[in-house]
Student: 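What follows is a structure written as structure tokens; I'll ask about it next.
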Amino acid sequence: RQKAKARTHHAHIKHIFQSNHIKSKMKFGKTLRDSIIQEWRFYSVDYKDMKKALKDTSSDGASDSGSDGYGAYADGDEANTEEFFELFEASKDKLHRFYADKEAWAIDYMNTLEDRVNALRETSENPPSPETENESESDGEENPAGVSSPTSSATHTLTIPRGHKRRVSTNCAWLKDEYRRVGKSKHFQNYIYAVKSLCTFDRELDLLLEFLSLNKTAFGKILKKYDKRTGSMIREEKLAELHETHSFLDGEVLSELKDRVTHLIDEAHALKPNLPEGWEERKVYTIGCFDLFHRGHQNVLMSLREFGYFIVAGIHDDESYFQLKNKYTVDNLETRMKNVKPFVDQLFVIPSTDPTPYLQAMTSEQDIETGSCCYARGDDMLQFPGRDWVESVMPVHFVPRTENCSSTLLRTIYHAEDKELRKKAAFAKTRYDGKPIDEDGNVLKLSHAASCPAHMQATA
């Protein structure tokens, strides 16, 4: 497990180094686009369009600045200047709306995180007795064995009696039962939901702070270009106005939240339950489609290391994706596999809507017999395809999904033919599964069926 973590950490550091090295050689416009995650590009400064609007502004030469400090231009130049400031104001508006929504969500979600840490403290300080645990197991028919759910009413203790270490190596049946018991325990569930939610939120704050910093820089650079192209000197004035209306670009509120989250992460890790021998040496299976690969996918895949050291992921091919969702993938199978592979150790393709026979083929009888495998996924789909067989042979665990993030949201914002629908989805509320909804709670749907993409035409 430690080696797997080291490989993942090394790959992450290498990726950051290479990205920073490449960014240092890029022009800022490309750096801005490549540095901001695809989910948030819609809300970023329209740097490219503003730069384009400036290209011909000084083609006829700007005269001395007028009394307003903006300078006098030919008619064509004035039109481009007007377009520039329309884009400038539109960028300010959408950035403000985006941040206001994110800050309100972050402050509210912080309360949820603190509640989860409080729940973890309570089960750590007051674990139920073994008798209570056994009663809960016998009464918990509605909660299938091995399924970890944040809403489970069963409570369990993680106390492992002395002398069981020897039994672990000789009694596979006991070990399998112990893995399921630990997975169902309230303290372990509280730990997973506290730690993984906190770590995901911490990464979200990092991304938001980088997003704000990049956009603040973008405003400064594009205004500098404006001054250079037009001969005016409005940059400092505009930046002063921006500081008044968009002081959030400094990231003060988010930085304070990050400090609180860091403290809670340390505390939650200190309350990690004792795990039976061999827990961290298991194989972890998961299945998904992973279209429009986003940070929600990344967060779930990284969370799987909590259950074992070797991650095996199944991915539906393009045809089975269409049959499951009645829509075509945006990314073809090869692209989706390329996106997922850095986060897993082994990847296999599922050419059917029923993943059961393919998962059965990938799972060894020895791993099942020794309890050396489990299944884990995000909690947005508790009744996932193939669950009946999976939970009959291995424990099933769920991890919290990333809020306000889904492939459906990305598809609607960036791939809908209706521009108004794109804008509506960009600032719409979302359900727990991240899908955009209207005022009545209905999921916003594309007004036109997506046409068959090139990578599907051969099979369509």
Side-chain angles (χ1 to χ4, degrees), residues 15-62 70-71 73 76-99 102 206-243 245-251 254 292-295 330-331 335 339 410 413-416 419 422-423 426-427:
H15 173 71
I16 292 175
F17 175 79
Q18 291 176 338
S19 298
N20 290 338
H21 181 66
I22 292 172
K23 289 175 189 177
S24 65
K25 296 183 178 181
M26 289 182 185
K27 291 186 176 180
F28 180 76
K30 184 169 178 57
T31 299
L32 179 66
R33 176 175 175 79
D34 292 349
S35 300
I36 293 175
I37 59 175
Q38 61 173 340
E39 297 96 297
W40 296 344
R41 287 175 185 167
F42 179 91
Y43 314 98
S44 184
V45 171
D46 290 324
Y47 187 86
K48 181 179 179 180
D49 289 342
M50 283 192 280
K51 185 178 177 181
K52 183 179 180 181
L54 287 175
K55 279 189 174 180
D56 299 324
T57 299
S58 58
S59 57
D60 297 328
Y70 285 72
Y73 311 99
D77 295 335
E78 290 179 356
N80 285 333
T81 302
E82 182 178 351
E83 180 185 0
F84 173 88
F85 282 108
E86 286 178 355
L87 291 168
F88 185 83
E89 292 301 321
S91 293
K92 287 170 56 181
D93 179 64
K94 66 180 181 179
L95 191 60
H96 190 281
R97 292 177 65 186
F98 170 79
Y99 177 79
K102 286 296 181 182
D206 283 337
L207 290 170
L208 284 169
L209 287 168
E210 182 183 23
F211 178 82
L212 296 181
S213 177
L214 285 166
N215 280 278
K216 182 178 180 180
T217 300
F219 278 125
K221 284 185 174 292
I222 200 63
L223 288 170
K224 183 177 180 180
K225 284 185 178 294
Y226 181 89
D227 281 355
K228 183 177 180 181
R229 292 292 181 92
T230 64
S232 60
M233 295 184 294
I234 66 167
R235 180 175 182 270
E236 296 305 319
E237 175 188 341
K238 288 292 182 181
L239 288 179
E241 292 177 1
L242 196 66
H243 181 72
T245 60
H246 291 59
S247 58
F248 61 81
L249 289 173
D250 293 330
L254 298 183
L292 290 167
F293 196 71
H294 51 71
R295 68 192 191 282
V330 174
D331 297 330
T335 299
N339 290 335
L410 293 180
I413 294 175
Y414 296 105
H415 299 280
K419 291 185 178 180
R422 290 188 182 190
K423 293 180 181 179
F427 295 102

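For the single chain, residues carry numbers from 1 onward in sequence order.
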Student: Taking the side chain as every heavy atom from C-beta outward, state whether Arg97 and Asp93 have any pair of such atoms under 4.5 Å apart.
Tutor: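 Touching, per the 4.5 Å side-chain cut-off.
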Student: On a heavy-atom basis, which atom in Ala53 and which in Asn80 lie closest, and how many Å separate them?
Tutor: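 Smallest interatomic distance, heavy atoms only, reads O-CB, 3.1 Å.
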Student: When you compare the side chain of Thr31 with that of Tyr47, does any pair of heavy atoms fall below 4.5 Å?
Tutor: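 Side-chain contact under 4.5 Å: no.
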Student: Kindly indicate, with the supporting measurements, whether the criterion side-chain contact (heavy atoms from CB on, under 4.5 Å) is fulfilled by Phe88 and Phe219.
Tutor: CA-CA 8 Å; Phe88 185 83; Phe219 278 125; 3.5 Å; yes
Student: Rounded to the nearest 0.5 Å, what separation is found between the CD1 atom of Ile37 and the OG atom of Ser44?
Tutor: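 It is 11.5 Å, given to the nearest 0.5 Å.
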Student: Using 0.5 Å steps for rounding, measure from the CD atom of Glu86 to the OG atom of Ser91.
Tutor: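 The CD atom of Glu86 sits 11.5 Å away from the OG atom of Ser91.
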Student: For a side-chain contact (heavy atoms from CB on, under 4.5 Å) check, start with the C-alpha distance between Asp46 and Ile222, then their side-chain angles and the critical distance, and finish with the verdict.
Tutor: CA-CA 10 Å; Asp46 290 324; Ile222 200 63; over 6 Å; no
Student: Between Tyr226 and Phe85, is the gap from one ring center to the other below 6.0 Å?
Tutor: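 Between Phe85 and Tyr226, which both carry aromatic rings, the centre distance is below 6.0 Å.
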Student: Quick one, His96 with Phe98, criterion ring pair (Phe, Tyr, Trp, His ring centres under 6.0 Å). Give me CA distance, side-chain angles, the key distance, then yes/no.
Tutor: CA-CA 5 Å; His96 190 281; Phe98 170 79; over 10 Å; no
Student: Give the minimum heavy-atom separation between Asn215 and Val45, together with the two atoms involved.
Tutor: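 Looks like OD1-N, 2.8 Å.
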Student: What verdict does the side-chain contact (heavy atoms from CB on, under 4.5 Å) test give for Lys216 and Asp250, after you've listed the backbone C-alpha separation in whole Å, the side-chain angles of each residue and the deciding distance to 0.1 Å?
Tutor: CA-CA 8 Å; Lys216 182 178 180 180; Asp250 293 330; 2.5 Å; yes
Student: Would you name the heavy atoms of Arg229 and Lys55 that are closest together and state the gap between them?
Tutor: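 Closest approach of Arg229 to Lys55, heavy atoms only: NH1-CA, 3.4 Å.
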Student: Restricting to non-hydrogen atoms, name the atom on Phe28 and the atom on Leu214 that form the minimum distance, rounded to 0.1 Å.
Tutor: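 Minimum heavy-atom separation between Phe28 and Leu214: CZ-O, 3.7 Å.
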Student: Ring of Phe42, cation from Lys94 - is the NZ or CZ under 6.0 Å from the centre and inside 45° of the axis?
Tutor: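 The answer is yes, since Lys94 meets both limits relative to Phe42.
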Student: Ignoring hydrogens and angles, tell me if any N or O in the side chain of Tyr414 forms a donor-acceptor pair with the backbone of Glu39 under 3.5 Å.
Tutor: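 Answer holds: yes.
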Student: Is the backbone N or O of Leu209 less than 3.5 Å from a side-chain atom of Ser213, with the two atoms forming a donor-acceptor pair by type?
Tutor: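 Checking the backbone N and O of Leu209 against the side chain of Ser213, no donor-acceptor pair under 3.5 Å is found.
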Student: Got a donor-acceptor contact below 3.5 angstrom from the Asn339 side chain to the Phe293 backbone?
Tutor: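 Not at all, since once roles are kept as given, no pair shorter than 3.5 Å links the two residues.
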Student: Going from NZ on Lys224 to CG on Leu239, what distance comes out if it is rounded to the nearest 0.5 angstrom?
Tutor: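 These two atoms lie 11.5 Å from each other.
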Student: Ignoring hydrogens and angles, tell me if any N or O in the side chain of Glu83 forms a donor-acceptor pair with the backbone of Asp49 under 3.5 Å.
Tutor: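 Not confirmed, Glu83 side chain does not pair with Asp49 backbone.
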Student: Using 0.5 Å steps for rounding, measure from the NE2 atom of His243 to the OG1 atom of Thr245.
Tutor: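 Between His243 NE2 and Thr245 OG1, I get 10.0 Å after rounding to 0.5 Å.
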Student: Would you compute the distance between atom CZ of Phe211 and atom CG of Leu32 and round it to the nearest 0.5 angstrom?
Tutor: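 So the CZ of Phe211 and the CG of Leu32 are separated by 8.5 Å.
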Student: Go through the steps to decide whether Trp40 and Leu208 satisfy the test side-chain contact (heavy atoms from CB on, under 4.5 Å), and finish with yes or no.
Tutor: CA-CA 9 Å; Trp40 296 344; Leu208 284 169; 3.5 Å; yes
